[in-house]
Amino acid sequence: MELQTKYNPAEVETKWYEYWERNGLFASKPDGREPYTVVIPPPNVTGILHMGHMLNETIQDILVRRARMEGKNACWVPGTDHASIATEAKVVNRLAERGIKKTDLTREEFLKHAWDWTEEHGGIILKQLRRVGASCDWSRTAFTMDDERSRSVIKVFVDLYRKGLIYRGVRMVNWDPKAKTALSDEEVIYMEEHSKLYYLRYMVEGDAEGRYAVVATTRPETIMGDTAMCINPNDPKNQWLKGKRVIVPLVGRAVPVIEDEYVDMEFGTGCLKVTPAHDVNDYMLGEKHNLQSIDIFNDDGTLSEAAGLYVGKDRFDVRREIEKDLTEAGLMEKVEDYTNKVGCSERTNVPIEPKLSMQWFLKMQHFADLALPPVMNDEIRFHPAKYKNTYRHWLENIKDWCISRQLWWGHRIPAWYLPQGGFVVAENEAEALQLAREKCGSDLQLSDLRQDEDALDTWFSSWLWPVSLFKGIKQPGNEEIKYYYPTSDLVTGPDIIFFWVARMIMAGYEYMGDKPFRNVYFTGIVRDKLGRKMSKQLGNSPDPLELIDRFGADGVRMGMMLCAPAGNDILFDEALCEQGRNFCNKVWNCFRLVQGWQVDESEQPAGNAQAVRWFQARLRQVAAEVADHYSKYRISDALMAVYKLFWDEFSSWYLEMVKPAYGQPIDSATYSATLAAFDDLLHLLHPFMPFITEELWQHLADRAGGESIMVSPQCIAAPADGDAALITAMELVKQAVSGVRSVRAAKNISLREPLVLEAVASNPLADYTELLKKMAGLANVTLVSAKGEGTSAFLVGTTEYAVEIGALIDTDTEIAKAEAELKHLEGFLAGVEKKLANERFVQNAPEQVVALERKKQADAIAKIALLRQTLAELRK
RNA sequence: GGGCGCUUAGCUCAGUUGGUUUAGAGCGUCUGCCUUACAAGCAGAGGGUCGGGGGUUCGACUCCCUCAGCGCCCACCA
């Protein structure tokens, strides 16, 4: 079989992904094995794959593939999220392009459009995930709004309502005037804004001297909603205002001056305008002081009739206009530049408006009590653990969750209003009617009931994900939920720790009485190499699929993982994908070398046997290190360990040690050992680079149809007793080889020119002569009592070796080299001896530490003696 | 305003309870090689005193204090 000199990912990837799917290798069903379950953080159903997904899905796939190869029953459940606000906004925009307004449509018509859009774009991202190599059980693909998940959501809502945990009430909520819906506190992002602080004059009512109070505000457009002015009762400079009434500028309304210690005397003039309808704190003051509340905004952020002025104009236009009008009316004292934080909608980015409205809420204290302990006591482990603090802080300051959204795309709230007021909550219309009849009499008809128009927050469905995916809500205790729950690892970004992670923990304990997952791996944010967030505007966000086209899926996966320590932000650089691609090529070419060998029945040379034993020891050692990295979720470190094992140890050392001369055969013992080692290496690599490893594994032996490296167990033994000694010995051989190569490089001596290596006084590497000769291009290794003329010397441990280079010797260079090393050693020795001369060190330090220092001292002294001798000879 | 985290070679990062030859890796850099597996490669080399200062200790990159810079999260100062 002829293989190209370069690995071609495109055809290999398609071939094996289809093969895996066709042979059901991703599918899982409960059996006697230990389960390993991962639920995908469901991407937006209409979204497309970006670098954040690429990172996240790669990590999940690595964990899942690793578990599968360990013999666990791995189940990775894919799915998508209906992303209520985001998707509804997209549909609204799309309709607007066609000149259709949402308000012109019925709920049913609108939902038809939304489903069309979902079907058109839904699933694109799932197809893209296949290109990455994601080994999801596609037969389990779910959607947060499919029938099973929807029914689960409704059942949970009804259950929580009956438990008294869900209530309906009028509260100050975060209103998104663009999406025209309420938001939860978590959906509000505070952004710094360079704005202005306006100082307005509030004339004192009936004051003969025409005195006025000055109020500082960032929002002059809300004065139409003012129903009081507030001062701190302890504020000496404002005592004169006590009991007075002041006139709201332009509006002309007289409002009382109230007193409350809430007011900061230092801010502005110490006078605060109070607009109970449009500020959370003012609302609090209004409640406390029994103030009138005037809602001056419409749902879309324009001024309402109640404002009296600027009716119908947008709030920000009004701000500009009112500034002008106030100035012209002589009611503007001054305007200052001011930086403040403005709460904005996470989805639409527009500033939110605090608004009093009727919404549904979930009481959260109960859930916080449920969800805090398991994380704090590590029953659920966070990686990195620092997020435990963040988590605790949020739960200890939990507020009720506003779960209703004034949207149509989502799960409709299962509450039906009765003709005479009040409502019933039920899982379906029939049940609702029955409950309604119990309240209002049996002649009540379904048409008399009106279902709540609102939908539920998207996260009210995704918080059930680990349970609802296995039908654990609707069929508690079924075989699947019992087997797969709790899931093993959750891989997600820290940005949704409150939105999703915390709430899944809550729902998990509420409905399963157990944690939803054992480990949470928080990834970092993918940034560009300059540390900037990836964004469309900057154009610094590469398209993952295009990267896959250029570097191969394995190359991109590796590129991601090379820069992805847990919890740190990822500084992504395309060059890393190149490195990944190059590595694929390296693996590919190693295989080409090995598969090209002819085998004969000759006896195994001693050097080959040594190489084989050594590499097997290294393999065991590194496999153990890799396992340790995985156990700590240090995926990048695991990858780097395998990378170095393959490239440095296997390719550069092992293969060169056993490689037969051109055209020569290799003995069968070495050959089969090499194939076995290759097989082991492919297993270690497979989670990171699934495609190329499958391709090569299939080439490595005659495989039956349906076989796959994916499910072929990895069987590298634990490190054995003699391994460490074997490895240490070979390290010395490598040092000697490098020593000779250094001399060659310095003197420009070709590898083709055989050299003689002298071991001075003793040769601890005598057993390895064959390997030394082969690796360093030596004619011979000789034992001498004193090194000859024209030799360049170096130390291996405390033994001196010398390369005969005859006339090429440059005494000055040799002297300089020896002097530099001598200087270093003397400095080192001085440090060691200083320590040993310190009585308290010798007394207090542990015995083995002192012994080690003594060993260092002895070695250094021996080396120094050798160097001095060398120098003396050179200077002769 | 609180809380958390970071600052180690040109870049990105390791450095596990303070002690394993006066700090390691990958990439990049420099030098020499197209040596029939691989130039997407091979061999060799150089490069940091661990952000600044102080302290604890026989001994600190590792613990404490402090200063500086950076980042994240939370919070109702108009």
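No hydrogens, no waters, no symmetry mates; every other heavy atom, side chains included, goes into these values. Chain naming here is simple, since letters A, B, ... match the order of the sequence lines and numbering starts at 1 in each.
- Comparing the P positions of B:rG18 and B:rG10 gives an interatomic distance of 29 Å, to the nearest angstrom.
- Helical stems in RNA chain B, defined as runs of 3 or more consecutive Watson-Crick or G-U wobble pairs with donor-acceptor distances under 3.5 Å: B:1-7 with B:68-74, B:10-13 with B:24-27, B:29-33 with B:41-45, B:51-55 with B:63-67.
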For nucleotides 69-78 of chain B, read 5' to 3', which letter fits each nucleotide if B means a protein heavy atom sits under 4.0 Å from the base, S means only the sugar-phosphate is that close, and - means neither? ----SSBBBB
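- Residue A:C590 is classed as a base contact, given a heavy-atom separation below 4.0 Å to a base.
- Among the protein residues, A:G827 comes within range of the nucleic acid bases, having at least one heavy atom under 4.0 Å from a base atom.
- Taking atom CZ of residue A:F583 and atom C1' of nucleotide B:rC27, one finds them 15 Å apart after rounding to whole Å.
- Separating the C1' atom of B:rC77 from that of B:rU56 is a span of 43 Å, rounded to the nearest Å.
- Across the P atoms, B:rA9 and B:rA14 are found 13 Å apart, a figure rounded to whole Å.
- Taking atom CH2 on A:W647 and atom P on B:rA40, their separation rounds to 11 Å, with Å as the unit.
- The distance from atom NZ of A:K855 to atom P of B:rU21 is 11 Å, rounded to the nearest whole Å.
- A:I864 has its CD1 atom 13 Å from the P atom of B:rU22, to the nearest Å.
- A:S738 comes within contact range of the sugar-phosphate backbone alone, with a heavy-atom separation under 4.0 Å but no base atom that close.
- Distance noted for atom C1' between B:rA43 and B:rU35: 10 Å (whole Å).
- Checking B:rG26, B:rC38, B:rU21 against every side-chain atom of A:Y643, the shortest atom distance belongs to B:rG26.
- Counting only N and O atoms by type, the side chains of A:H629 and A:E625 include no donor and acceptor under 3.5 Å apart.
- For A:R741 against B:rA43, a side-chain-to-base donor-acceptor contact under 3.5 Å is absent.
- Between A:F678 and A:F646, the ring planes are perpendicular. Angles over 60° get that label, and only those under 30° would be called parallel.
- In this entry the distance linking CD of A:E578 with C1' of B:rG28 reads 12 Å, nearest Å.
- Comparing the same atom, C1', in B:rU17 and in B:rU12 gives a spacing of 28 Å after rounding to whole Å.
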I'd like a table of donor-acceptor pairs (distance under 3.5 Å, sequence neighbours excluded) in which one partner is a side-chain atom from residues 733-741 of chain A, with atom names and distances.
residue, atom, partner, partner atom, Å
A:K734, NZ, A:E649, OE1, 2.6
A:K734, NZ, A:E731, OE2, 3.1
A:S738, OG, A:K734, O, 3.1

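- Side-chain contact of A:N232 with A:N238: a donor-acceptor pair under 3.5 Å is absent, judged by distance alone.
- A:Y387 has its ring centre no less than 6.0 Å from the ring centre of A:F382.
- B:rG5 and B:rU22: their C1' atoms are spaced 31 Å apart (whole Å).
- Picking from B:rA40, B:rG44, B:rG15 the nucleotide with the shortest atom distance to the side chain of A:S742 gives B:rG44.
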Below 3.5 Å, can you tabulate the donor-acceptor pairs from side chains in residues 190-198 of chain A to any protein atom, sequence neighbours excluded?
residue, atom, partner, partner atom, Å
A:H194, ND1, A:T339, OG1, 3.3
A:S195, OG, A:Y338, O, 3.4
A:S195, OG, A:N340, OD1, 3.0

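- At a cut-off of 3.5 Å, with distance as the only test, no side-chain donor of A:R854 or A:Q857 sits close to an acceptor on the other residue.
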I'd like to compare against my own output: the B/S/- annotation of nucleotides 31-36 of chain B with a strict under-4.0 Å heavy-atom distance to protein. -S--SB
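- In this structure, of B:rG26, B:rU16, B:rC38, it is B:rU16 that holds the atom nearest to the side chain of A:K632.
- If you take atom P in B:rG15 and the same atom in B:rA25, they sit 15 Å apart, rounded to whole Å.
- Nucleotides B:rG51 and B:rU8 are separated by 10 Å at their C1' atoms, to the nearest Å.
- Within 3.5 Å, a donor on the side chain of A:K586 pairs with an acceptor on the base of B:rC38, or the reverse.
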Cut-off 3.5 Å, no hydrogens considered: what does the side-chain donor-acceptor table look like for residues 836-852 of chain A, sequence neighbours left out?
residue, atom, partner, partner atom, Å
A:N838, OD1, A:R840, N, 2.9
A:N838, OD1, A:F841, N, 3.4
A:N844, ND2, A:R840, O, 3.1

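- Within the nucleic acid shown, A:K659 comes within 4.0 Å of at least one base atom, counting heavy atoms only.
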Distance-only criterion, 3.5 Å: show the donor-acceptor pairs between side-chain atoms of residues 216-223 of chain A and protein atoms not counting sequence neighbours.
residue, atom, partner, partner atom, Å
A:T217, OG1, A:R219, N, 2.9
A:R219, NE, A:E221, OE2, 3.0
A:R219, NH1, A:E353, OE2, 2.5
A:R219, NH2, A:E221, OE2, 3.1
A:R219, NH2, A:E353, OE1, 3.1
A:R219, NH2, A:E353, OE2, 3.1
A:E221, OE1, A:R319, NE, 3.0
A:E221, OE2, A:R319, NE, 3.4
A:E221, OE2, A:R319, NH2, 2.9
A:T222, OG1, A:R219, O, 2.8
A:T222, OG1, A:K273, NZ, 2.6

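- Rounded to an integer number of Å, the gap from NE2 of A:H629 to C1' of B:rA14 is 9 Å.
- Not a single ring pair (Phe, Tyr, Trp, His ring centres under 6.0 Å) links A:F551 to another residue, sequence neighbours left out.
- Donor-acceptor pairing under 3.5 Å, judged by distance alone, is present between the side chain of A:E656 and the base of B:rA37.
- Summarising the geometry, the separation between CD on A:Q579 and C1' on B:rC11 is reported as 12 Å, rounded to the nearest angstrom.
- A:P494 comes within contact range of no nucleotide atom at all, as no heavy-atom separation falls under 4.0 Å.
- When the side chain to side chain donor-acceptor pair (under 3.5 Å) test is applied to A:K334, the partners found at least two apart in sequence or on another chain are A:E336.
- Distance from the side chain of A:S652 is smallest to B:rC42 among B:rU12, B:rC42, B:rG19.
- For residues 650-660 of chain A, every residue pair satisfying the salt bridge (Lys or Arg N to Asp or Glu O under 4.0 Å) rule, not counting sequence neighbours, is listed here: A:E656-A:K659.
- With sequence neighbours left out, A:Y202 forms a ring pair (Phe, Tyr, Trp, His ring centres under 6.0 Å) with no residue at all.
- Listed by first and then second residue, the salt bridge (Lys or Arg N to Asp or Glu O under 4.0 Å) pairs that reach into residues 547-563 of chain A are A:D61-A:R557, A:R131-A:D549, A:E546-A:R550, A:R550-A:E574, sequence neighbours excluded.
- For the pair A:K835 and A:L825, both in contact range of RNA chain B, the more 5′-proximal nearest nucleotide belongs to A:L825.
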